[in-house]
Amino acid sequence: MTIRDDLAALIRNAAEAAMADGALPQVPVPEIVVENPSRPEHGDYATNLPMRLARAARANPLDIAKAIAERIPAEGMLSASEPAPPGFVNFRLDTKWLAEQVAAIKQSGDAFGNLTIGAGKRVQVEFVSANPTGPLTAGNGRGAAIGSVLASVLQAAGYDVQREYLVNDAGTQTEVFGRTLVARYLQLAGKSVEIPADGYPGEYMIDVAKRIRDESTRERADAYANATIEEPPREMVLRGVDIMVEMIRDDIGKLGVEYDAWFRERSLYETNDGTSLYETALQKLRDQHYLVEKEGALWFASSELGEDKDNVVIRSTGKQTYFASDIAYHYEKFLARKFDRVINVWGADHQGHVSRLKTAVQALGVDPSRLEILIYQLVSFRRGEEVVRLSKRSGNIVLMRDIVDEVGRDAARFFFLSRSADSQMEFDLELAKKQSSENPVYYVQYAHARIAGIIANAAERSFSAEGADVSLLAHPAEQALIRKMLQLPELIQLMAERSEPHHLPHYAQELANAFHIFYTECRVLDEEDKSVSAARLALCEAARVALARALSLMGMSAPVKM
RNA sequence: GCGCUUGUAGCUCAGUGGAUAGAGCGCUACCCUGCGGAGGUAGAGGCCGUGGGUUCGAGUCCCGCCAAGCGCGCCA
């Protein structure tokens, strides 16, 4: 339970008590909104419930506010609950109670901020899932940051989270990849062949071909040397995809991302007990009469379910489309693995696919609200004035690993994360490279290093937070820092509920700022006053816990020295 | 043309229908006899794209318009 939840319960009880007393007419109580007022004189929390009740209750909002405020005693965590015009009830947290939270935060340690709202429900976050046909591009970095941090946040909120990468190893792009691979292989063998016009011209394909050549037995190498571009050997393609997956794993590992599962699209077509997931899923649609044949192809009749058009599932060539794979894949997610909630993190270029997939999921008998597709707008990159075009075909491609090598993992993550998924972001590599003190990453990490420095210094000089009287922490800067720390659990709740991890970097900056102000205003280690020193040292330890947690949720390091 | 997203300070961006719209960077002026100055304080800088509407109350919700990005394939 967060402070906000506790308050909401108090407010609801008070409103109901007022109705029971006859102080207010009996009307339905809407959902309680507890907000953080922007002005400090309005307290720490406020509710607008009186204004929301005014119409139904046919009463003056301020009178309602009085009736509610009277029934919420200023005790425990609250030092005040007061009505305010035009119809708010403002709440103030108690100084002493706040001070006591320092001990609680310290004790929570790595678990600080953890919630139980997820109730152990199983949620899958699938992100990046770029085709295994080349290295990850800089743009994939945004999906990686959003997906991995969202997963961490959900975990903190009490969900049972699985991070997944879908390896598209069964579609048209894989075929193109296979043809390119054969071409490169044959070139290595001295044959004069061209890589296909629609193939992947990158040099990495030569390395993949070399590696396959070098690790092959003579027998197999001979067979490969006689392969044709039209019919790439299955083993060679599979091995090529494996090598690409390894490379992708390395790339994304540079950003500090690890997955729980790498799901192979191909596995949807493997038969188990005589039938594949793909066949089962399509049969289910067929049974519902959602599959229709026309123009020689098989279509999903999504227009019957409100879509503006139907979509092809099996081409007239007999080959399934990516959409068919995706239907089977989501059948697998919901009906085989039985995730309660599935979140797919996609780039804006996949937007057009959202609606029909949700429709398909619905047709499979799954409540589409269990599938959330988080679209992030594309990132544009520039080096100073020069705009960098991103395309797998152009030579001027920026790779994810280049970004990480240039600006560092922590900065890359922080940058990618700090804008809402809905807004386009501009990443100036020039600026990111030369960043020093203007980089907010350092501001936040510096705060952590500073705290660590004080704590180390304290140990050397025999200061201890042991048995500290935290009730001494009444200075406004101390109280502000504690307030800020206590916002982390509520922020985790917000981010988990709305799938908005971008609040974390902003919060981390605010927390760091609160610490820097405290540091400037309050001397921690003072030989003249050991008891205040002990209390402030305890506060530092709590601040370190909170800051380290925020950083670790973002997948960033919490340096002790800089 | 249709769909999705966006438009907030010079720049990059926050902003759960609430009370006087914020941060960082940049700019101006300050603060070091003390624990890490990669810090702190103060200031300038806003018709929240635009026109309507809903509401006690709109940057936030709805509609139109303008502008930008992405998509609209039997690619993924």
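We name chains A, B, ... by the order of the sequence lines, and we start the count at 1 in each one.
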Can you name the residues that form a ring-ring contact (aromatic ring centres under 6.0 Å, His included) with [X], not counting sequence neighbours?
X: Phe177(A); value: none
X: Tyr278(A); value: Tyr269(A)
X: Tyr446(A); value: His516(A)
X: Tyr322(A); value: His353(A)

Check every strand shown and say whether [X] touches a base, only sugar-phosphate, or nothing at a heavy-atom separation below 4.0 Å.
X: Val444(A); value: nothing
X: Gln377(A); value: base
X: Lys561(A); value: base
X: Asn60(A); value: nothing
X: Ala449(A); value: base
X: Thr172(A); value: sugar-phosphate
X: Cys540(A); value: nothing
X: Pro85(A); value: base
X: Arg356(A); value: base

Let me know the distance between [atom1] of [X] and [atom2] of [N], rounded to the nearest Å.
X: Glu293(A); N: C74(B); atom1: CD; atom2: C1'; value: 13 Å
X: Asp310(A); N: C74(B); atom1: CG; atom2: C1'; value: 13 Å
X: Lys309(A); N: C72(B); atom1: NZ; atom2: P; value: 8 Å
X: Tyr376(A); N: C70(B); atom1: OH; atom2: C1'; value: 12 Å
X: Leu291(A); N: C74(B); atom1: CG; atom2: C1'; value: 15 Å
X: Ile454(A); N: G39(B); atom1: CD1; atom2: P; value: 15 Å
X: Asp308(A); N: G1(B); atom1: CG; atom2: P; value: 17 Å
X: Gln445(A); N: A38(B); atom1: CD; atom2: P; value: 15 Å

Looking at C74(B), does its base get a donor-acceptor pair with the side chain of Thr321(A) below 3.5 Å? no
Kindly say whether, by distance alone, the side chain of Asn48(A) makes a donor-acceptor pair under 3.5 Å with the base of G18(B)? yes
Options [options], nucleotide nearest the side-chain atoms of [X]:
X: Leu525(A); options: C74(B), C4(B), C35(B); value: C35(B)
X: His502(A); options: A14(B), A76(B), C35(B); value: A14(B)
X: Val524(A); options: A19(B), G3(B), C35(B); value: C35(B)

Stacking of His42(A) on A19(B) base (centres under 5.5 Å, planes under 30°): yes
Phe88(A) on top of G18(B)'s base, within under 5.5 Å and under 30°? no
Regarding [X] and [Y], does a basic nitrogen lie under 4.0 Å from an acidic carboxylate oxygen?
X: Glu230(A); Y: Arg179(A); answer: no
X: Lys333(A); Y: Glu164(A); answer: no
X: Glu490(A); Y: Arg4(A); answer: yes
X: Arg536(A); Y: Glu541(A); answer: no

Given the side-chain rings of Phe127(A) and Tyr165(A), with only the six-membered ring counted for Trp, is the space between their centroids under 6.0 Å? no
Considering residues at least two apart in sequence or located in another chain, which fulfil the side-chain contact (heavy atoms from CB on, under 4.5 Å) criterion with Arg92(A)? Asp44(A), Ser79(A), Ala80(A), Glu82(A)
With sequence neighbours excluded, what pairs up with Ala542(A) under the side-chain contact (heavy atoms from CB on, under 4.5 Å) test? Val102(A), Ile105(A), Lys106(A), Met485(A)
Side-chain donor-acceptor pairs of residues 57-67 of chain A under 3.5 Å, sequence neighbours excluded:
unit_1   : atom_1 : unit_2   : atom_2 : d
Asn60(A) : OD1    : Leu62(A) : N      : 2.8

Nucleic acid contacts of residues 488-500 of chain A, taken as heavy-atom distances under 4.0 Å to RNA chain B: Arg498(A)
Find which nucleotide of RNA chain B each of Pro559(A) and His350(A) is nearest to by heavy atoms, and output the residue with the more 5' nucleotide. Pro559(A)
Which residue lies toward the 5' end of RNA chain B, Ala452(A) or Met425(A), if each is placed at its nearest nucleotide? Met425(A)
Polar-atom pairs under 3.5 Å, protein N or O versus N or O of nucleotides 40-42 of chain B: list them with distances, or write none.
unit_1 : atom_1 : unit_2    : atom_2 : d
G40(B) : OP1    : Tyr443(A) : OH     : 2.5
G40(B) : OP1    : Asn513(A) : ND2    : 3.0
G40(B) : O4'    : Thr520(A) : OG1    : 3.4

Contact under 4.0 Å: Ser423(A) side-chain N or O vs A14(B) OP1/OP2: yes
With a 4.0 Å cutoff (strictly under), does any side-chain N or O of Ser325(A) reach OP1 or OP2 of A76(B)? no
Arg264(A): which residues meet the salt bridge (Lys or Arg N to Asp or Glu O under 4.0 Å) condition with it, sequence neighbours left out? Asp169(A), Asp242(A)
So, using salt bridge (Lys or Arg N to Asp or Glu O under 4.0 Å) as the criterion, who are the partners of Glu304(A) when residues are at least two apart? none
Report the secondary structure of RNA chain B in dot-bracket form, marking unpaired bases with a dot and bases paired to a different strand with |, and treating Watson-Crick or G-U pairs with both distances under 3.5 Å as paired. (((((((..((((....[...)))).(((((.......))))).....(((((..]....))))))))))))....
